[in-house]
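Take a look at the structure set out below.
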Amino acid sequence: MQRHDMAGAITTRLLDWYDVHARRLPWRIGPGDRRAGIRPDPYRVWLSEIMLQQTTVAAVKSYYADFLSRWPTVDALAAARDEEVMAAWAGLGYYARARNLLACARAVSAHGGAFPGSAAGLRDLPGIGDYTAAAIAAIAYDEQVAVVDGNVERVVSRLELIQTPLPAAKPAIRLAMQALTPPDRPGDFAQAMMDLGATICTPRRPACTICPVVEPCAARASGIQETLPVKAPKAEKPLRVGAAFVAEHPRLGAILLRRRASTGLLAGMEEPPMTGWTARVDGVTDITAAPFAAEWTLAGTVEHTFTHFRLRLSVWHAETGAAAPDGMWWQPFDGLGDRALPTLMRKCIARALDPERPVAKR
DNA sequence: CATGCGTGGCA
DNA sequence: TTGCCAAGCAT
């Protein structure tokens with residue numbers, strides 16, 4: 001099939017640019033390896049792509065290294081305990097990804113340990129949607145398939161001057177990306193588009209002067225590149241409030257923890273006991289909601305922003321030698337790093353144990 | 001098709 | 001400081 005000259009020009013320029021400027025990332029093979037016919041390990045591509053869903057490269061790097069070190073193959077990951085994987089994922093966010101990761105590993109392992117060999121087959125696995133299936137197939141199998149993520153939506157809408165608002169523009173963007181994707185090196189092309197979007201064709205202040213495809217860019221020609229893609233305005237995030245209770249057992253050197261419900265927000269993760277989170281700003285800091293009677297003192301507040309609301313928690317602290325209530329346990333301090341504690345919960349614990357200091361990261 | 005689902009970095 | 005949003009998926 002003859003490709004249009006414009007499409008061919010964009011593809012060629014981007015691949016040439018990628019050969020020089022490709023970001024060196026732990027899950028990528030080197031250009032020399034690619035030319036030698038070496039293909040990336042589908043397991044590593046898959047692991048990196050799941051972690052990269054809505055998550056920055058900088059945040060992923062240490063988690064990727066840790067997972068690959070602990071579980072070098074899909075069979076090793078499939079054999080891991082749920083709790084071990086959730087704890088390893090703690091802090092990275094979107095915890096359904098970790099549950100789906102394990103479910104996917106076990107499905108693949110149960111069928112001989114080889115990932116499906118096409119985007120269509122990959123798409124049926126848990127945690128793998130249109131984007132991830134296409135990305136793995138293009139990168140690991142050289143399948144000529146359109147890989148469309150947020151970067152590609154932005155780059156393509158600018159190149160082709162697609163002014164329809166998202167998400168209505170998605171079909172047109174996918175068609176345009178399909179027309180640009182070459183039969184040779186489709187994976188490199190997809191990664192080139194994503195690298196371009198991450199480093200040059202950025203949401204704000206795109207660096208058009210150093211862009212390898214500035215000449216064929218229709219939005220740049222019109223001077224409206226910064227207005228694309230058009231998106232519907234986002235609803236503002238309401239404030240919810242609540243109270244967390246960090247009970248400390250001085251003799252054991254431990255704090256009281258429990259496990260959250262298996263569905264919903266932070267599903268299956270662990271936490272200190274706390275109230276529900278309500279949109280009502282009054283009353284919820286009431287210490288009558290504490291897990292047991294003790295000399296509770298207010299250590300401070302913790303604020304955290306989720307996808308669709310902001311949360312302000314009053315953090316209470318008490319020392320006690322009481323037995324752990326049903327469904328809770330005394331967790332020794334020296335094991336906290338290995339628990340499935342989301343960032344929010346680590347903030348609460350840090351605030352309670354040292355009200356003066358700023359909250360430390362994981 | 002709209003909504004729920006985390007977190008950290010950056011302008 | 002506040003808002004924005006990054007290599008999306010499931011329902």
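These values consider heavy atoms only, across backbone and side chains, with no hydrogens, waters or symmetry-generated copies.
Distance A:Arg240 CZ to B:dC5 P: 7 Å, rounded to the nearest Å. A:Lys231 places its NZ atom 10 Å from the C1' atom of C:dC4, with the value rounded to the nearest Å. We find that CD of A:Gln53 is positioned 16 Å from C1' of C:dC5, with the value rounded to whole Å. Between the CE atom of A:Met86 and the C1' atom of B:dG6 there is a distance of 12 Å, rounded to whole Å.
Taking every side-chain heavy atom of A:Arg97 into account, B:dG6 is the closest of C:dC9, B:dG6, C:dA6. Looking at the side chain of A:Phe306, the nearest of the listed nucleotides C:dG8, B:dT7, C:dA10 is B:dT7. Minimum atom distance to the side chain of A:Tyr94 is reached by B:dG6, of the listed B:dA2, B:dG6, C:dA6. Checking B:dA11, B:dG6, C:dC9 against every side-chain atom of A:Arg204, the shortest atom distance belongs to B:dA11.
Considering A:Trp330, A:Trp329, A:Phe292 in turn, A:Trp330 is the only one that fulfils the ring-ring contact (aromatic ring centres under 6.0 Å, His included) rule with A:His249. Considering A:Leu313, A:Ile349, A:Ile255, A:Leu256 in turn, A:Ile349 is the only one that fulfils the side-chain contact (heavy atoms from CB on, under 4.5 Å) rule with A:Pro272.
Between C:dC9 and A:Thr132, a contact under 4.0 Å exists linking OP1 or OP2 to a side-chain N or O. When the side-chain nitrogen and oxygen atoms of A:Tyr95 are compared with OP1 and OP2 of B:dT7, one or more of them lie within a distance under 4.0 Å. In this structure, A:His308 does not reach the B:dT3 phosphate: none of its side-chain N or O atoms is under 4.0 Å from OP1 or OP2. Between A:His304 and the phosphate of B:dG6, there is no side-chain N or O to OP1/OP2 separation shorter than 4.0 Å. Listed pair A:Gln54 / C:dG8 meets the phosphate criterion, a side-chain N or O lying under 4.0 Å from OP1 or OP2.
Residues from residues 21-32 of chain A that place a heavy atom under 4.0 Å from any atom of DNA chain C, listed by number: A:Arg23, A:Leu25, A:Trp27, A:Arg28.
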Verify salt bridge (Lys or Arg N to Asp or Glu O under 4.0 Å) between A:Asp130 and A:Lys170, making sure each step is shown before the conclusion. CA-CA 12 Å; A:Asp130 289 339; A:Lys170 283 175 181 285; over 6 Å; no
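Listed by chain and residue number, nothing satisfies the salt bridge (Lys or Arg N to Asp or Glu O under 4.0 Å) test with A:Glu248 (two or more places apart in sequence, or in another chain). Qualifying salt bridge (Lys or Arg N to Asp or Glu O under 4.0 Å) partners for A:Glu143, counting only residues two or more places apart in sequence or in other chains: none.
Under 3.5 Å, the side chain of A:Thr55 and the base of B:dG6 form at least one donor-acceptor pair of N or O atoms. Counting distance only, with no hydrogens placed and no angle test, the side-chain atoms of A:Thr343 and the base atoms of B:dG6 include no donor-acceptor pair under 3.5 Å.
A centroid separation of 6.0 Å or more is found between the aromatic rings of A:His308 and A:Phe306.
Comparing A:Thr56 and A:Thr307 by the nucleotide of DNA chain B that holds the closest heavy atom to each, the one mapping nearer the 5' end is A:Thr307.
Nucleic acid contact for A:Leu266: sugar-phosphate only, since backbone atoms but no base atoms lie under 4.0 Å from a heavy atom of the residue.
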